[in-house]
Amino acid sequence: MKKVLITGAAGFIGSHLCDRFIKEGYHVIGMDNLITGNIKNIEHLFPLENFEYYHHDVSKFVHVPGELEYILHFASPASPIDYLKMPIQTLKVGSLGTHNLLGLAKSKNARVLIASTSEVYGDPLVHPQREDYWGNVNPIGPRGVYDEAKRFQEAITMAYHTYHGLETRIVRIFNTYGPRMRVEDGRVLPAFFSQAIRGEGLTVFGEGDQTRSFCYVDDLVEGIYRLLLSDYHLPVNMGNPSEITIMQFAQEILALVNNPKAHIIYNPLPIDDPKQRKPDITKAKELLGWTPKVDRAEGLIRTYEYFKKVVSPN
Ligand code: UDP
């Protein structure tokens, strides 16, 4: 049975990847230090013989016995609130952690897929964002710890590819949502769903005219799986190009939850909050035949089912 190491296994995307690789018949080693992950996301896999959990911080030396086919590096604080609270860990997991995993891959002759992000484009001056856009990032702003760690991660991954001939894959992930997002992670969807369910104010930052494009997690996982198995080593955007303002998004969640006490309130816009974001996914379409299948109406219904279980109304 082929072995795959998934870091950030107890996180939102990492746990869905564990499920997928188990379903595909792999032996999965899930690694996490649980600083933002939740063990409940993978508990259902514990009884399986082809699943192992390693509690470990990948910014320290990573040891895995035996052979490894693939490594998927998904460990990192990933919401703006988390990386503000944990700036040093965020920098370390993207830099030292990536270095350790590339070294492990080299020693095992394994293929590595690295989770990069639309944040490498910063507050983009080009719209929609294509992979050949270099971005507009403030290195010393509050998001710099995440954005620059991910940019370094891409650079060192490319260096291992060109210098050592390592098999590498880089996915630039745009806003993704679905079950298992952490209720308190501060990101817009968990914030709006929990506020709507509790009958509180939905905290729209700024005027709510900034845009995002939200991809359902199953679509993302399918794209990542295809990219891993492809022979393409340059970065590939993955996300759903359906763009929406944050105000429209709040309205959609208000309508879905339909709690008469819920309403909209305005909070200040965070520093360096990107004004617009939408992936150009031409490359993923052409290379992998991949496009998102779950539209927002359907994805939000599925996600609401999850938040109903984990958020109790006031
Ligand atoms: N946002 C908001 N209210 C919230 C949380 C976020 O209006 O309670 C806005 C935020 O300013 C940003 C967008 O929603 O423009 C997406 O924020 P998120 O933290 O989910 O991720 P980002 O895309 O900024 O990394």
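Order of listing sets the numbers, starting from 1, for every ligand and every atom in it.
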- line: For Arg277, the ligand 1 atoms with a heavy-atom partner under 4.0 Å come out as 22 (P), 23 (O), 25 (O)

- prompt: When you measure from the side chain of Lys40 to the backbone N and O of Arg180, does any donor-acceptor pair fall under 3.5 Å?
  reply: no

- prompt: By salt bridge (charged side-chain N to carboxylate O under 4.0 Å, His left out), which residues pair with Lys85, not counting sequence neighbours?
  reply: none

query: Pro80 heavy atoms, cut-off 4.0 Å: which ligand 1 atoms fall inside?
result: 19 (O), 25 (O)

query: Which option, Asp272, Val188, Thr117, owns the non-hydrogen atom nearest atom 18 (P) of ligand 1?
result: Val188

task: Using distance alone, decide if ligand 1 has a nitrogen or oxygen within less than 3.5 Å of any nitrogen or oxygen in Tyr83.
output: no

- request: Compute the shortest N/O to N/O distance between Asn175 and ligand 1 and return yes if it is under 3.5 Å, no if not.
  value: yes

query: Can you list the ligand 1 atoms lying under 4.0 Å from a non-hydrogen atom of Glu119?
result: 25 (O)

message: Any donor-acceptor pair under 3.5 Å linking the side-chain atoms of Asn136 with those of Asp123?
response: no

- prompt: Is the closest heavy-atom distance from Gln195 to ligand 1 below 4.0 Å?
  reply: no

statement: Applying salt bridge (charged side-chain N to carboxylate O under 4.0 Å, His left out) to Glu298 and not counting sequence neighbours gives Arg302

- request: May I ask you to list the atoms of ligand 1 that are less than 4.0 angstrom from any heavy atom of Gly186?
  value: 5 (C)

